[in-house]
Amino acid sequence: MEEYNYIVACLAHQIIVEILKKLPAKSLMRFKCVSKSFCALISDPYFIESHQKSYVTQFLINRPRMSYYSLSKSEKRDEELATCPLQYLDQPCFHDLVSMQTTNGLVCLWNQVGDVAICNPFINQHVFLPCQQRNKKSIYAIGFDPTTKIHKVLKEGVPKGDNRLIYSIFTIGIDKSWREISGTCIKFCPTNDNCVCIDGAIYFFNGYYASSCDIVAFSVGDEKFIRRIPFPIKEWPLRFSEFSPRIVEMKGQVALLGHVYFEKGTIVLYILNGTSERELWVKHTIKLPLEFTKIIDLCYLLTTNPKGDIVSIPDLENSPLFLYDIEKKEWRIEAKKRIYEQKFIVKINGLHIYLNLVESIWSLK
């Protein structure tokens, strides 16, 4: 112990921080037991944020096989495969929670009976939120307020025997019960897994009315809806849900990404630029190389990674991932040996539900 204290004393604080930022979540949880100072540092929200940006391991789970892909910087990939943190979600207590959504590496699982769980599979932690009355339909989304460094869960529901839209909020680690948000009656129809939280706002895809589709933004900190963003020129007929665009983050900006209906081998990316007073959709048309078309054309799952690449997840067994660098305008294939796939069984009804997880050590307590 004396030797340890001497070594730590010789290292500058910033050097220790930089070393810890490069470690995976499992290692950091063990290091919290080293000393009170280490525990305080690793538990600090600012360190957690910087670690998540520095140590990027991304997990992609897709339907219908519920397989996962790991995009990891680690050389011990076989070891990672054997201890995949996503296996934590395959527990009996979660099997009846049929819908999923994620923010900051935290996973929100729910059903229409009123059961809701928030999980961090990277640190083997979960909490069940207070059960509310059963609704005709409920949608949940977890968001993050970068100012207070806290996570909140937003619920939209229509109670049975009632046509009123009710919005409720729950602050993780603080609230003991749900709080109904007053004065926020805004009619829109979000989908289970088509939203993204960027810079303190949750952006929902609103595709219920084909004639007036848009994006609805909710402020996590202010706990209110702040604006609606009109869609760009329609590229997708919304009656075909599998061709509807996905809301993604593209280097801190809200973006829409999807295959163009009836245009084989074409992907369109719209990036929202400007301010809330003057917003402009910038369009990028992306053509698939001929040698990729037969594979990627079968894929309806598109997302982005923290580097700003477009990630295409083919709906084929044992297929590699395809990544597109928007700046270089180049496609590349992630070699099969670097992509791992494992069966991950969760009882989910519906099409193409998937999670895009970046490793995190956010605590739920």
Side-chain angles (χ1 to χ4, degrees), residues 22 24 52-63 65-81 84-86 102 105 196 198 235-236 242-243 245-261 263-273 282-342 344 352 354-360:
K22 301 297 188 295
Q52 193 163 31
K53 295 175 183 177
S54 178
Y55 185 86
V56 178
T57 298
Q58 184 180 25
F59 293 87
L60 304 165
I61 313 175
N62 71 316
R63 283 278 292 165
R65 297 181 308 278
M66 289 309 292
S67 306
Y68 81 80
Y69 297 84
S70 170
L71 293 143
S72 173
K73 296 188 296 186
S74 172
E75 296 299 325
K76 298 181 180 179
R77 293 188 175 88
D78 291 332
E79 181 180 331
E80 287 183 352
L81 178 62
C84 175
L86 302 183
T102 180
V196 65
I198 304 173
E235 302 277 359
W236 307 276
E242 65 267 29
F243 287 98
R246 173 162 294 279
I247 298 181
V248 296
E249 178 178 358
M250 179 58 72
K251 296 183 178 180
Q253 301 293 324
V254 181
L256 286 169
L257 177 64
H259 295 271
V260 178
Y261 189 59
E263 289 191 31
K264 187 175 181 179
T266 303
I267 294 173
V268 172
L269 172 70
Y270 283 94
I271 302 176
L272 188 65
N273 289 333
V282 178
K283 180 180 178 180
H284 301 264
T285 301
I286 303 165
K287 293 290 184 179
L288 304 178
L290 292 178
E291 62 269 28
F292 293 178
T293 303
K294 290 183 179 180
I295 299 177
I296 301 184
D297 192 54
L298 297 175
C299 167
Y300 302 119
L301 302 181
L302 295 168
T303 185
T304 57
N305 65 16
K307 295 180 181 179
D309 296 325
I310 294 173
V311 182
S312 180
I313 312 172
D315 196 14
L316 294 174
E317 194 167 355
N318 298 320
S319 175
L321 299 187
F322 296 85
L323 280 74
Y324 181 79
D325 188 318
I326 190 171
E327 294 181 354
K328 296 181 179 179
K329 298 182 179 180
E330 293 178 351
W331 283 97
R332 70 181 186 275
I333 298 177
E334 284 286 332
K336 287 187 179 181
K337 66 179 181 180
R338 300 185 63 187
I339 302 298
Y340 289 100
E341 184 175 11
Q342 181 170 316
F344 176 67
H352 304 304
Y354 75 100
L355 298 182
N356 185 347
L357 284 173
V358 177
E359 184 163 355
S360 81

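For the single chain, residues carry numbers from 1 onward in sequence order. Remember, predicted model here, so these are calculated numbers, not experimental data.
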Rounded to the nearest 0.5 Å, what separates atom [atom1] in [X] from atom [atom2] in [Y]?
X    : Y    : atom1 : atom2 : result
L256 : I247 : CG    : CD1   : 6.0 Å
L269 : I310 : CG    : CD1   : 5.0 Å
H284 : I267 : NE2   : CD1   : 13.5 Å
L257 : R246 : CG    : CZ    : 9.0 Å

- Donor-acceptor contact below 3.5 Å, side chain T304 vs main chain E249: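 Confirmed, T304 side chain pairs with E249 backbone.
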
- Across all chains, not counting sequence neighbours, the side-chain contact (heavy atoms from CB on, under 4.5 Å) partners of K328 are D325, E330

- Check side-chain contact (heavy atoms from CB on, under 4.5 Å) between K283 and all other residues, then give those that pass, not counting sequence neighbours.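 Once residues adjacent in sequence are excluded, the partners of K283 under the side-chain contact (heavy atoms from CB on, under 4.5 Å) criterion are E235, V268, Y270, T285.
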
Please report the shortest heavy-atom distance between [X] and [Y], naming the atom on each side.
X    : Y    : value
Q52  : S360 : NE2-CB, 3.1 Å
V248 : I198 : O-CD1, 4.3 Å
G308 : M250 : O-SD, 3.2 Å
S54  : K22  : OG-NZ, 3.6 Å

- Those residues that, when tested against K251, pass side-chain hydrogen bond (donor to acceptor under 3.5 Å, both in side chains) (two or more places apart): E327

- Query: Can you find a pair of side-chain heavy atoms, one from Y324 and one from R332, that are under 4.5 Å apart?
  - Reply: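 A side-chain contact is absent here, since even the closest heavy-atom pair is not under 4.5 Å.
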
